[in-house]
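The sequence lines fix the lettering, A, B, ..., with proteins before strands; numbering per chain opens at 1.
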Amino acid sequence: MYNFKEIEKKWQKYWEENETYKFDFNGDNKIYCLEMFSYPSGAKLHLGHWYNYSVPDTWVRFKRMNGYNVYQPMGFDAFGLPAENYAIKTGIHPKDSTEANIKNMIEQIKAIGGTFDWHNDVVTCRPEYYKWTQWMFLKLYEHGLAYQKEAPVNWCPSCNTVLANEQAQGGICERCGSEVIHKNLKQWLFKITDYADQLIDDLDKIDWPEKTKTAQKNWIGRSKGAIIKFKIKDSEESFEVFTTRCDTLYGCTYCVLAPENPLVDKIVKEENLNAVEKYKKETSKLSEIDRTSTVKEKTGVFTGAYAINPINGREVPIWISDYVLASYGTGAVMAVPAHDERDFEFATKFNLRIIRVIEGCDLPYIEEGKYVNSPILDGFSSKEEAINKMIEFLEENNYGYKKVNYRLRDWSVGRQRYWGAPIPIIYCDDCGVVPVPEEDLPVELPYNVEFTPDGESPLAKCEEFVNCTCPKCGKKAKREVDTLDTFVCSSWYQFRYADPFNKEMPFSKEKVNKMLPVDKYIGGAEHSCMHLIYSRFFTKALRDMGYLDFDEPFASLIHQGLILDANGAKMSKSKGNTISPDDYVDKYGSDILRTYLMFAFSYTDGGPWSEEGIKSIDRFYKRILNLIEEFDGNDSDERYDDVDYVLNNSIKCIRNDLDNFQFNTSISRIMEYLNILIKKKSEGLSIPKHYLEQLILILAPFAPHFTEEMWEKLGHTPSIHNEKYPMYDESKMVKNTFELVVQVNGKVRGKITVSSDISKEEMEEIALKNDNVKKHIEGKGIIKVIVIPKKLVNIVVK
RNA sequence: GCCGGUGUGAUGGAAUUGGUAGUCAUGCCUGACUCAAAAUCAGGUGGGCUUUGCCCGUGUCGGUUCGAGUCCGACCACCGGUACCA
């Protein structure tokens, strides 16, 4: 009887006491494998965590058995909104609930029986860690990459608080259901846009899924175009527009400003004032979703003012409309209704002039064509040439210039929340904005704070926190009360693992250069555009400041798929269809759960959970157990050719598959090997020990506890995980015969077993002699014969 | 709408990258053991037919090729991301 509970505990204890998996920082041949650290919001590890941690652990174990020194650390991304909301609801302090959750989760992760290195301490909400998060902020500030600006936030007027995007979905406050408005607040931002080009271009250097790279490129949204300056008629004012189609400038018949554009107030005419004010008010009420809906009809009002098209001096009306966003480009566009769908829709609705400048079919015409009504572009028909010519002309006449624009915006990092790392800034009446000196870090987050939302950052209400002295002049001063976005904490944790106990620095340059980049990073695809861009930005910024010498944090990336419920639906607490890994660890043990997760899905796809599926793995291990328990003591080196073939083929396939994270097919190969051993035994043959040892060795990364126990049963001393992974022998995989497939016009008409060393000519000859093949070519002319060595012959007849 | 991805037996999923479609499992069927059931073991299992063999079959329609699940074009369905980006 195999008591998995006792056995799993026994070996976990053994590994811990013997530090079987301790990483050697000074060793060679390192692999740094990192799974995205988890967020301890719930008290329990869910199946997704299990999938994320246990499966890559098999890859790590495989690498270890191949002589690599593998580092697989664990930590917790412990700051964040859910803990704070939980506290508001229950009164349990975020620090207490978070630390308690971490404790639970560590126990659960340990139950996996992984090779995780617990000799480190990366928990983002602890002062030893966030001291360095604050240090990061100071360094970015010092280098001009952190700055303050008025920026719009989601604001709930009823709760009197700032909302995260996810709390304001659909423009409705998640807490009270009232309409969310946008409000400008002074915010801290990181200048990630400085790195926009590198963030796109360096994607070529990394081994990431193509779809993730594409997602990042789209997110950053580089577009090449031009700035064109428009003067305002009878006024000193002017404005700039950004356009990717400056070639259509002659077709510009009006301009549109974002309603929030400050210029609007300066140019609006008396008789249009009421309409403009009313429209502005309506726009501010609209949620971003409503405002940007493509199904919504275009709206807008005329300001009464006119702009001068610099290219031809034409006076064009200036409108405002919510389809122009203040946050992108210059907050103003030139409208060319003939060649832009949105402008066309708008012009048609408001009866504005439409001038065609490119020949082609129906308007709006956005394709290439011959330019018309465009003096300086006469004779052009290539868009690219026309754009270049126009930019040249604009620059010569000081009407505008070439410009690259990005969809990416600077990263707003200030949060009006309690549960985050305080921003290390002090405001002094005399000295202004003063960064906290490095030696005063960390700026500790006080424990006793009232964090029920009331319109102010919770830290603002904590007097002993706010009041301080200015580090420069020593006078009374006040601390910044906003905290940092948790994405700041998770942007650099991969570096801290390289040097987790450093008290002088977040990490030493030498150690970080030795350990990084991460060789294999594994986590959900939902982080494609936030965490995975922010970490890349941090890496590049730290490199430019001289703290490290590489360009990218994660050399290779894999996204695990999603495990769905038995009906194929996403699991969620609200739907009540979650599956707890603990129940299955309890019922079948960690090895079986892990193997099932590997066997049932392709790792990057995921799929629906199946109760029958996990039972089949249970059966698989029972069959192995029987084979080992019924071992007859045959210690000879007796071999069977067919067993050798399957064994070596399996090893070869597994080695290849594991390198590609294809766990499901690897397990199929082990099953094939097991099946042939069982078959031999059922034929009454004895299975020599060396075959059993190979079975247990190839299985070791997949079932660490079970194989350790079987290894011991076969008379070995632990640990099997320090053994070498079996290597295959090509010579055992040579077959003397193969099945020659004969096709006639591409259809299989015969299969003949032939000797492996026959020539192409012989293959053809044998094929043509086959009775069934003869039937199909009878009375027809052979046009040609295609021979693929060791595979098939295709006879083409007519 | 745009950008990605996926579509293969009853089910999860394979397919050496253009060369025998369905590895390995699950389920189901048959048999053995059993008073019986479960468990276990053995065999079978894409559909159809006039069954030495033939026809059909990888979402649909078309194309390239001696040969297509794989490549190309159009379409359909589902999933994920994103939201008028000028």
Any strand counts, and the cut-off is 3.5 Å on both contacts for Watson-Crick or G-U wobble. Which nucleotide pairs with [N]?
N      : answer
U11(B) : A25(B)
C54(B) : G48(B)
G1(B)  : U82(B)

Quick check with a 6.0 Å cut-off and a 45 degree axis cone: is Arg594(A) positioned over the face of Trp50(A)'s six-membered ring? no

Which value, in whole Å, describes the distance between the [atom1] atoms of nucleotides [N] and [M]?
N      : M      : atom1 : result
C61(B) : G46(B) : C1'   : 23 Å
C3(B)  : G12(B) : P     : 30 Å
A10(B) : U58(B) : P     : 13 Å
A68(B) : G62(B) : P     : 14 Å
C2(B)  : C55(B) : P     : 43 Å
G13(B) : G22(B) : C1'   : 10 Å
C71(B) : A77(B) : C1'   : 23 Å
A14(B) : C66(B) : C1'   : 27 Å

Can you tell me if [X] touches the phosphate of [N], counting only side-chain N or O atoms and a distance under 4.0 Å to OP1 or OP2?
X         : N      : answer
Lys213(A) : G5(B)  : no
His559(A) : G80(B) : no
Lys751(A) : U20(B) : no
Thr665(A) : C24(B) : no
Asn664(A) : C24(B) : no
Arg619(A) : U26(B) : yes
Arg749(A) : G67(B) : no
Arg342(A) : C85(B) : yes
Asn675(A) : A25(B) : yes
Arg222(A) : C85(B) : no

Can you tell me which nucleotide in [options] comes closest to the side chain of [X]?
X         : options                : answer
Lys211(A) : G4(B), C66(B), A86(B)  : G4(B)
Arg407(A) : C56(B), A83(B), U26(B) : A83(B)
Ile678(A) : U26(B), A42(B), U16(B) : A42(B)
Arg623(A) : G12(B), U26(B), C41(B) : C41(B)
Phe601(A) : A25(B), C66(B), G12(B) : G12(B)
Tyr323(A) : A25(B), U16(B), C84(B) : C84(B)
Pro608(A) : G19(B), G13(B), C24(B) : G13(B)
Val748(A) : A86(B), U20(B), C54(B) : U20(B)

Does G81(B) count as syn, meaning its glycosidic angle lies within 90° of 0, or as anti?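 For G81(B), whose glycosidic angle is more than 90° from 0, the conformation is anti.
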
If anything within 90° of 0 is syn and all else is anti, what is U58(B)? anti

Scan [X] against the nucleic acid and name what it touches under 4.0 Å (heavy atoms): base, sugar-phosphate only, or nothing.
X         : answer
Ser610(A) : nothing
Gly606(A) : sugar-phosphate
Asp605(A) : nothing
Ala215(A) : nothing
Glu210(A) : nothing
Val333(A) : base
His776(A) : sugar-phosphate
Asn794(A) : base
Ser602(A) : sugar-phosphate
Tyr406(A) : nothing

Nearest-Å distance, [atom1] ([X]) to [atom2] ([N])?
X         : N      : atom1 : atom2 : value
Lys780(A) : C66(B) : NZ    : P     : 18 Å
Ile614(A) : G12(B) : CD1   : C1'   : 14 Å
Tyr603(A) : G5(B)  : OH    : P     : 21 Å
Asn567(A) : C79(B) : CG    : P     : 15 Å
Phe599(A) : U23(B) : CZ    : C1'   : 10 Å
Asn745(A) : C55(B) : CG    : C1'   : 16 Å

Can the ring centres of [X] and [Y] be said to be less than 6.0 Å apart?
X         : Y         : result
Phe346(A) : Trp319(A) : yes
Tyr603(A) : Tyr51(A)  : yes
Phe702(A) : Phe663(A) : no

On RNA chain B, nearest-nucleotide positions of Ser223(A) versus Lys791(A): which is more 5'? Lys791(A)

On RNA chain B, nearest-nucleotide positions of Phe242(A) versus Lys570(A): which is more 5'? Lys570(A)

Can any side-chain N or O of Asp410(A) pair as donor or acceptor with the backbone N or O of Ile192(A) at less than 3.5 Å?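 It does hold such a pair.
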
Hey, are the side chains of [X] and [Y] touching, using non-hydrogen atoms and a 4.5 Å cut-off?
X         : Y         : value
Asn309(A) : Phe230(A) : yes
Trp609(A) : Leu47(A)  : yes
Val55(A)  : Ile522(A) : no

Going by side chain to side chain contact (heavy atoms under 4.5 Å, CB included), His559(A) matches just one of Thr212(A), Asn52(A), Thr604(A). Which one? Thr212(A)

Donor-acceptor pair under 3.5 Å, Glu739(A) side chain vs U20(B) base: yes

Do Lys298(A) and C84(B) have a side chain to base donor-acceptor pair shorter than 3.5 Å? yes

Run the numbers on Tyr2(A) and Phe706(A) for ring-ring contact (aromatic ring centres under 6.0 Å, His included), then give the verdict. CA-CA 9 Å; Tyr2(A) 182 84; Phe706(A) 177 77; 5.4 Å; yes

